[in-house]
Each structure stands twice: as C-alpha cells, then as structure tokens.
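Working notes for the structure below.
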Protein chains: 2
Amino acid sequence: MEKVTQIKSATLSDDLTQRLTAEVVEGVLPLGSKISEPELAKRYGVSRGPLREALVKLEALGLITRTANVGARVIELNIEDLLDTYTLREAMEGMAARLAAELISEQEVAELYTLLDDHQAHLDSNKDEHYASQYGNEDFHLRIIQASQNKKLIRVLTQDLYATIRMYRRYTADSRPDPRQALREHKAILDAIANREGDLAELLMRRHISRAATLLKKAMLHDSISQGNSGQP
Amino acid sequence: MEKVTQIKSATLSDDLTQRLTAEVVEGVLPLGSKISEPELAKRYGVSRGPLREALVKLEALGLITRTANVGARVIELNIEDLLDTYTLREAMEGMAARLAAELISEQEVAELYTLLDDHQAHLDSNKDEHYASQYGNEDFHLRIIQASQNKKLIRVLTQDLYATIRMYRRYTADSRPDPRQALREHKAILDAIANREGDLAELLMRRHISRAATLLKKAMLHDSISQGNSGQP
DNA sequence: TCAAGCTAAATTGTCGACAATTCGACTTAG
DNA sequence: CTAAGTCGAATTGTCGACAATTTAGCTTGA
C-alpha cells in the first residue's frame with residue numbers, strides 16, 4: 001500500500017523546508033515580502049521551533065534573508081545577482097562537463113543521445129515547446145552534473161544553486177532561450193563529451209551558459225521584475 | 001570604549017555557530033564524534049533551541065551531518081572529499097582570477113605586490129615559514145576572490161568552503177606545500193592579473209590549486225587521518 | 001507643521017517541559 | 001552459545017509560554 005497524497009517527511013522541519021522552498025520558488029511568497037513566523041506557523045499548524053529551523057535552511061539556500069530581532073524576508077531579484085549566479089554556474093558546470101568527458105560511461109552517453117533525440121522529436125512534432133525546453137534542458141544539465149561524480153560539485157549545483165536558478169527562470173518566463181538553439185548546443189557539448197574532449201566540453205558548456213545568461217539579462221531589462229504577487233496584502 | 005574580550009553576537013544562535021565552527025575546525029570536537037545536544041547546551045549554558053539552529057547552520061556548512069531522530073556527528077575526512085573540494089575550488093578560484101584580471105584596480109594590484117614582497121621578506125629572513133606560508137597564502141587567495149566582485153562566488157568560497165578547506169589543511173599540517181614554490185606561483189598569477197590576461201590568470205590559478213591538492217593527497221596517504229582527539233571519551 | 005519622545009502592541013529570541021523515537025542491556029527461548 | 005525479543009534509560013523532535021527587542025501610532029513641544 002502506498003501513500004502518495006501525503007508526503008510525510010521524517011521531521012517537521014524537513015517537511016517545512018521543502019514546502020517553503022516551493023512557495024518561494026513558485027511565487028506564493030512574493031519577492032521581498034516579509035515572513036511572519038506566527039502567521040506561517042499557524043498556516044502550517046506547527047509551532048515556531050521547527051519553522052525557525054526551516055527558515056535557517058532557507059537562508060542557507062539563499063532564498064530568504066534574516067536579520068536579528070527583525071525577521072525574515074524573501075530575497076529580491078536583480079540583474080547583478082542573476083549575472084553573478086550564472087557566472088558561478090558557468091565555472092562549475094564547465095568543470096562538470098570536463099569531468100564528465102573523463103568519467104562518463106558509454107551507456108550514459110547513449111542515454112544522453114536518446115534524451116536529445118526525444119527532445120528533438122518533441123520540437124519537430126509538438127507545439128508545446130515550453131515543456132520540452134524547460135524539462136529537457138534541466139534534465140540534460142543535471143545528467144552532466146551527475147556524470148562528473150564530484151559530490152561537492154553536485155551538491156552545490158543541485159542543492160544550493162538550483163532553487164535560485166529556477167526562481168530566475170520563473171520570473172523571466174516570457175522571453176526564453178530559443179529551444180532549437182539550445183538543443184544544437186547540447187548536441188555539440190555531448191559530442192565533445194562522447195569524444196572524451198574535456199577541454200572542448202568545458203568551453204562549449206561555458207559558452208552555452210553564458211549565452212543563456214545574456215538572454216535572461218535582456219528579459220529582465222524588459223520585464224520589470226518586481227511584480228511577484230500572489231498572497232494577500 | 002571597545003569590547004574585544006567578549007564578542008557578543010546579536011543572537012545566541014549566531015554566537016554558537018561561530019564557536020562550534022571553530023571547535024570543529026580546530027579539532028576540539030573530534031572528527032566523526034557524536035554531538036550530544038543536552039551536553040553541548042549545558043556546556044554553553046544555553047537551551048537546546050538556539051543550539052539546534054546553530055547545528056542546522058553547521059550542517060549547511062558541511063561541517064557536521066545530521067540524521068533525523070539519531071543526531072549529529074562531526075564529518076570525517078577522506079581523500080575523495082578532499083579532491084572533490086579542491087576540484088571545486090579550482091573551478092571557482094580559476095574563475096575568480098579571470099574576473100579579477102578584468103576588474104581589479106591598479107591600487108589593489110599594488111597592494112597585492114606589496115603583500116607578496118612582505119611574504120618574500122618573511123621567507124628570506126625569518127625561520128617561521130609556517131606562519132608566512134599559512135596566512136600569506138590565505139590572504140592572497142582571499143584578496144583575489146574579493147577582487148572578482150562576484151557576490152555569489154565570494155559567498156561560496158569564503159563562507160561555505162572556507163571552513164572545510166581549513167579543516168583539511170589542519171589535519172595535514174605536517175607536509176605542506178613548499179612556501180617558496182607557492183610564492184613563485186602567486187607572483188605569476190598576480191603578473192597575469194596585472195597584465196589583464198584573464199585566460200592566463202585562470203590557467204595559472206587552476207594549476208596552483210591543482211598542485212596543492214596533489215600535495216595534500218600525498219600527505220593524507222602518509223598520515224592516517226582518523227586520529228583527531230582532544231575531547232573526553 | 002514637523003520632529004522628537006513616549007507608550008503599547010506585535011514580533012522575535014529563548015527557555016523548560018512533554019512526546020516520540022532510538023539505543024543499549026538484559027532476558028529468554030532455541 | 002547464539003539470536004531474537006523486551007524493557008527502560010537516554011536522546012531527539014515538538015510545543016507553549018515568557019523575556020527582549022522592534023515597530024507603529026500617538027502625544028507633546030518647539
């Protein structure tokens with residue numbers, strides 16, 4: 001018998017961390033909004049103890065800022081932080097691509113080619129480019145990162161930076177990188193990895209991410225960012 | 001009037017975080033040892049609430065591991081994690097050196113040359129190579145990181161990874177990189193930065209860190225690491 | 001009219017106690 | 001003698017309440 005509806009984590013604090021992370025990323029908690037501990041505790045039906053532990057974790061993830069005796073606020077997005085984040089990503093995922101070229105198995109390479117073929121098919125047939133672009137892109141990058149076999153690298157990229165990156169993508173959802181262009185770049189990266197050309201793989205991955213950053217920057221300059229509202233005033 | 005003896009942080013949790021971080025890095029809390037919440041709370045004269053918040057932060061820093069309903073343990077060091085950490089450092093400090101070459105001011109360059117001159121003088125005159133090697137090295141790297149002006153990069157390197165790196169250095173204190181060799185490499189890196197050669201600066205910084213990692217690896221293979229003891233059994 | 005000071009309400013930080021789970025020692029059956 | 005089971009002590013997770021600080025509004029004086 002499976003429980004799917006109610007994902008019960010081992011501890012309330014972990015549970016809250018997941019939920020709050022989702023709420024921040026999805027915009028339920030608007031950008032820059034104040035976080036009231038009594039209010040959140042009542043909303044989730046828990047005491048402030050585990051809630052505060054969750055907030056400490058959210059702060060470590062860079063999703064909120066906390067000030068002593070004042071409280072917590074959801075972070076605000078700005079171009080500077082966006083570019084900083086993507087530069088960091090460029091360095092780390094570039095290294096991940098290099099390591100992947102050295103360490104990936106032939107089977108994983110084959111799976112990645114299949115993944116890109118599926119992605120291509122989606123783009124050719126389907127009109128729903130949004131889905132293919134979003135999840136196909138994410139999946140490809142995550143697999144490269146995993147293939148690096150570097151636990152620290154994997155942790156920083158998939159735990160610490162992941163939520164932040166998703167936030168920026170969400171708030172710049174309108175103008176997104178051309179999925180066909182992205183796919184071409186993915187193929188080039190994968191070719192380099194398959195050929196065990198670490199230098200080239202790193203170079204291509206860096207360019208790929210740098211290009212994405214440039215596009216996101218343009219998107220942020222057009223859309224004024226500071227309009228994430230879903231909660232009650 | 002200044003208070004220096006008693007550094008009183010705004011909140012007990014922050015205070016505890018600093019103290020516990022120091023205890024882990026300095027080996028007061030031995031590697032792999034269990035952390036008892038009641039015992040620590042009594043030792044510091046605080047309740048378990050702020051202590052637990054501090055432990056959450058320590059976990060985010062990668063200094064301890066926590067398991068639900070079981071408790072917290074100080075991490076253990078191993079060669080795999082050491083190499084992973086230094087590979088990550090290589091990618092990030094390499095990028096920092098590249099950015100520094102683009103963004104650093106002439107005055108900062110001059111200060112860095114002065115720093116290296118001081119370091120050189122220490123090595124020529126003084127027998128206390130340990131000090132010069134340790135702090136001179138740290139200072140140089142920190143300044144390059146700061147010169148990158150990338151807040152995210154600075155945060156990960158100086159907050160998240162710093163404690164871990166210091167731990168590895170402490171437990172492999174015996175055989176440490178040749179300080180004269182390190183100084184030569186620092187000078188080469190600084191020359192590249194001063195000449196605004198970002199590519200070269202990144203390359204040299206990467207080699208420099210990679211070399212340090214190789215030496216630390218050898219040190220760990222000789223010294224058996226698992227002998228960090230200072231507390232009571 | 002505006003700035004400074006004061007008061008009260010609300011929020012954050014901290015504490016001690018209770019509930020739930022784990023771990024160890026002991027017992028007991030095979 | 002070993003292995004499974006049981007019971008109790010200890011530890012972790014959670015809660016509600018109190019203390020300390022901040023914040024907002026009001027008052028007061030220049």
Side-chain angles (χ1 to χ4, degrees), chain A residues 3 6-21 23-24 29-76 231-233, chain B residues 3 6-21 23-24 29-76 231-233:
Chain A
K3 276 192 184 179
Q6 183 154 0
I7 303 167
K8 186 94 181 189
S9 181
T11 168
L12 279 183
S13 174
D14 292 341
D15 212 13
L16 283 171
T17 303
Q18 283 189 284
R19 293 205 211 187
L20 289 176
T21 299
E23 289 204 359
V24 171
L29 294 170
L31 296 176
S33 63
K34 176 135 192 350
I35 292 177
S36 163
E37 292 184 6
E39 180 192 325
L40 265 191
K42 195 160 59 179
R43 172 136 67 95
Y44 282 113
V46 299
S47 94
R48 281 174 51 224
L51 173 63
R52 283 175 62 88
E53 292 182 16
L55 291 181
V56 171
K57 289 183 195 170
L58 271 276
E59 185 185 24
L61 287 174
L63 294 180
I64 67 174
T65 60
R66 290 186 350 130
T67 315
N69 295 314
V70 174
R73 299 192 91 85
V74 179
I75 61 162
E76 309 213 39
Q232 58 277 38
Chain B
K3 276 191 183 179
Q6 182 155 0
I7 304 167
K8 185 96 182 185
S9 181
T11 168
L12 279 182
S13 174
D14 292 340
D15 212 14
L16 283 171
T17 303
Q18 283 188 285
R19 292 206 210 186
L20 289 176
T21 299
E23 291 205 357
V24 169
L29 293 170
L31 296 177
S33 64
K34 177 136 191 352
I35 292 177
S36 163
E37 292 184 6
E39 181 193 324
L40 266 191
K42 195 160 59 179
R43 172 136 66 98
Y44 281 113
V46 300
S47 93
R48 283 176 50 224
L51 173 63
R52 284 175 61 88
E53 291 183 16
L55 291 181
V56 171
K57 290 182 194 171
L58 271 277
E59 185 185 25
L61 286 175
L63 295 179
I64 66 174
T65 60
R66 291 187 347 130
T67 314
N69 294 314
V70 173
R73 300 192 89 86
V74 180
I75 61 162
E76 309 212 39
Q232 57 279 36

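Throughout, a chain's letter reflects where its sequence line sits, starting with A, and its residues are numbered from 1.
- Listed by chain and number, the residues in a salt bridge (charged side-chain N to carboxylate O under 4.0 Å, His left out) with B/R73 amount to none (sequence neighbours excluded).
- Annotation: side chain of A/I75 is not in contact with side chain of A/V24 (no heavy-atom distance under 4.5 Å).
- Between B/L20 and B/Y44 there is a side-chain heavy-atom pair separated by less than 4.5 Å.
- A salt bridge is absent between A/E39 and A/K34; no separation between the charged side-chain nitrogens and carboxylate oxygens falls under 4.0 Å.
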If the sugar-phosphate is the primed atoms plus P, OP1 and OP2 and the base is the rest, what is the B/S/- string for nucleotides 5-19 of chain C, using protein heavy atoms under 4.0 Å? -------BBBB-B--

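- Looking at A/R66 and A/I35, their side chains never come closer than 4.5 Å, going by heavy atoms from C-beta outward.
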